[in-house]
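Just below is one structure, and these are the notes that go with it.
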Amino acid sequence: MAWLHTWSGLLLGWLLVAIFITGTSAYFRDEISFWMAPELHQSVASEATPQLAWARLGEQAPDARAWDIILPQDRSPVAELRWQPDTPEAAEGGRRRGERAEMDAGTGQILEPRASRGGDFLYRFHFELYGVPRIWARWLVCVATMMMLVAIISGVITHKKIFKDFFTFRPGKGQRSWLDAHNATAVLALPFHFMITYSGLLIFMILLMPWGFNAAYEDGWRGFFNEVFPRQEQSANAGAPAAMVGDILPLVNRAEARFGQPAQRISVSWPNRDNARIEISTAKEPALTERRRGGSPTLVFDGRGELLETRPGPPDDAAPARIYNLMVNLHLAHFADPATRWLFFLFGLVGSAMAVTGMLLWVSKRSQQLRGREPGFNLRLVNGLNMAAITGLLIAMAVYFAANRLLPAALEGRESWEIRAFFLAWLATLIHALWRPHRRGWLEQLAALAALWLAVPVIDLATTDSHLFSAIAWRHGALAAFDLVCLGMAAGAGYAFWRVAGPPPARKPARASRPRRATAGESS
């Protein structure tokens, strides 16, 4: 089990570190995306926001097939407008095809944020990597996740004194300190580690174990989803032109009063036609066992504002579906309030530290066995890869955020250049780590890491009006929190630099061998 624990954690450990770190950042995916779009920071929602969005779409796309208004929420203070042109190409693509715009929730002005993938890039990288065919990337991530699950189970079996070791930490002891840190971070959030790993595999159960769907449905998993989540077909007849309600606020207020929750979405099929349908959906109470998407309480009106249908909420799922919903919701934390998301974020950091300390422990153990001899190629390679996977990835993330502020807003293909900056920085750290796979290399990368994370809020201060010292940042607390986290990252990297730059831990002198007793034959 010790052998299995070591190698299941090491062989794909570098990928697991990247999965853990980028996945941890995804708990604040919306906040990261908002920070990376400073053009949206002035928006403040008001009671008039639904009417402003309604009027704007009436001017922007009066003849569209469909409208969608995503109203401001706690994590995004802007209104998102979507519309589907009445063209054959848009009809074939469904509601996902079409146009979209961001609207200032207070003034109704259309905003033009800089092109950026924001937090979505880190979120998608967490389970799809980048530049790799999607199916192969997901398979690779699933294999790494399975190895992580094996490492967790074998680690629990291996450490007989696992809970005692949690309360034991001996700093400045080299290999022993890394082992204590690895044990502590593993035990501290062990239920979280197991949940996040197992639920990650469960999310991809169709990819990993499709045979049940294939046996039960002729179309396999597509047939299953068509039955469980049937599509609501729109009428092919656009209808004759007709007047539609001009003031949407009474319908919004009616939905909010009916369900006791704020309105989140206004969807319209065939606006300004006699067969128009208006759907106003409100937020739903967060529940661990309900579907993550769809099923929001909704009132359906015709174009004149007459109530047609009331949908109170998601249907009751069967027990297996509720168990699946539970695991998915726990993994993604969409149910969580800000305090719970911060708790999951801290657990994610602990999980990242667990993987990191395990990889460093492997190198430390074999370095001490050298007893003054030069490390071989394999050990230098692993140490260099460790450096690139740990400090290198964090350097690349800091460069990604800095590039968001430094690249010209009108640059063509700007979002791609932000991602290129991320990978070029990561490649540079890999080259540096393989060139200097030793203590000096760690010091240089830790110094760069501290400087870059410190530079992000400084660059933000110099380039925007929503920096840490402005009222806008504190009005939207996510902006201030982002800069504070950057400063915390810089402080952590600075502390690590100080510890690594200090004197190496003293090694215990080798034990003197006891004199061997002479046998009777030898004494004679």
Side-chain angles (χ1 to χ4, degrees), residues 5-6 8-10 12-28 122 126 144-145 147-149 151-156 158-159 162-163 165-197 200 333 341-365 382-383 385-398 429 433 442 445-446 449-450 453 485-500 505:
H5 179 75
T6 297
S8 61
L10 178 67
L12 291 174
W14 303 290
L15 178 59
L16 284 170
V17 168
I19 292 173
F20 247 106
I21 292 176
T22 54
T24 299
S25 73
Y27 288 126
F28 293 101
L122 298 174
H126 161 65
T145 305
M147 298 292 280
M148 178 71 179
L149 186 62
I152 291 174
I153 296 173
S154 58
V156 172
T158 301
H159 297 291
I162 187 169
F163 293 104
D165 289 342
F166 170 66
F167 297 100
T168 303
F169 182 68
R170 288 152 286 193
K173 302 294 184 180
Q175 177 188 337
R176 173 56 61 182
S177 299
W178 287 119
L179 178 60
D180 290 345
H182 184 64
N183 291 336
T185 53
V187 179
L188 176 64
L190 181 59
F192 175 82
H193 300 328
F194 184 83
M195 178 277 294
I196 207 70
T197 306
R341 276 201 306 276
W342 276 111
L343 182 63
F344 273 46
F345 180 81
L346 292 175
F347 281 154
L349 293 181
V350 172
S352 303
M354 177 187 66
V356 166
T357 53
M359 294 161 59
L360 295 177
L361 175 62
W362 191 92
V363 172
S364 176
K365 181 178 180 180
V382 172
N383 197 36
L385 292 175
N386 283 353
M387 196 187 309
I390 301 167
T391 55
L393 174 61
L394 296 175
I395 286 173
M397 291 176 66
T429 63
W442 280 102
Q445 291 213 10
L446 286 171
L449 181 61
W453 279 100
V485 169
C486 290
L487 294 176
M489 292 290 296
Y495 174 77
F497 176 87
W498 174 70
R499 290 304 302 265
V500 175

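Contact detail for Val17 and Ala355: the closest heavy-atom pair is CG2-CB, 4.0 Å. Of all the heavy atoms in Ser25 and Met397, the pair that sits closest is CB-CE, 4.4 Å. Heavy atoms only, all atoms of each residue included: Ile19 and Ala144 are closest at CD1-CB, 4.2 Å. Closest non-hydrogen pair, Val382 versus Leu10, comes out as CG1-CD1, 4.4 Å.
The distance from atom OH of Tyr27 to atom CG of Leu349, rounded to the nearest 0.5 Å, is 10.5 Å. In this structure, Thr145 OG1 and Leu15 CG are separated by 8.0 Å, a value rounded to the nearest 0.5 Å. The distance from the OG1 atom of Thr429 to the CD atom of Gln445 is 5.0 Å, given to the nearest 0.5 Å. For the atom pair CD1 of Ile196 and CD1 of Ile152, the computed distance is 10.0 Å after rounding to the nearest 0.5 Å. One distance of note links CG of Leu449 with CZ of Phe497; it measures 12.0 Å at 0.5 Å rounding. Here the CE atom belonging to Met387 is positioned 9.0 Å from the CD1 atom belonging to Ile390, to the nearest 0.5 angstrom.
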Report the C-alpha separation of Trp362 and Met359 in whole Å, then their side-chain angles, then the decisive distance to 0.1 Å, and conclude whether the side-chain contact (heavy atoms from CB on, under 4.5 Å) test is met. CA-CA 5 Å; Trp362 191 92; Met359 294 161 59; 5.8 Å; no
Dump the intermediate steps for side-chain contact (heavy atoms from CB on, under 4.5 Å) on Val350 and His193, then the final yes or no. CA-CA 9 Å; Val350 172; His193 300 328; 4.3 Å; yes
Leu122 and Phe28: CA distance, side-chain angles, deciding distance, side-chain contact (heavy atoms from CB on, under 4.5 Å) verdict: CA-CA 10 Å; Leu122 298 174; Phe28 293 101; over 6 Å; no
Go through the steps for Trp453 and Leu394 under the test side-chain contact (heavy atoms from CB on, under 4.5 Å), then give the verdict. CA-CA 9 Å; Trp453 279 100; Leu394 296 175; 4.2 Å; yes
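Proximity of Asn383 to Trp442: side-chain heavy atoms (C-beta onward) are separated by under 4.5 Å at one or more points.
Without hydrogens or angle criteria, Thr197 side chain to Phe194 main chain gives no donor-acceptor distance under 3.5 Å. With hydrogens and angles ignored, the 3.5 Å screen pairs no side-chain donor or acceptor of Trp14 with any backbone N or O of Ala388. In this structure, the side chain of His5 does not engage the main chain of Ser154 through any donor-acceptor pair within 3.5 Å.
A side chain to side chain contact (heavy atoms under 4.5 Å, CB included) with Thr24 is found for exactly one of Phe347, Phe344, Phe345, namely Phe345.
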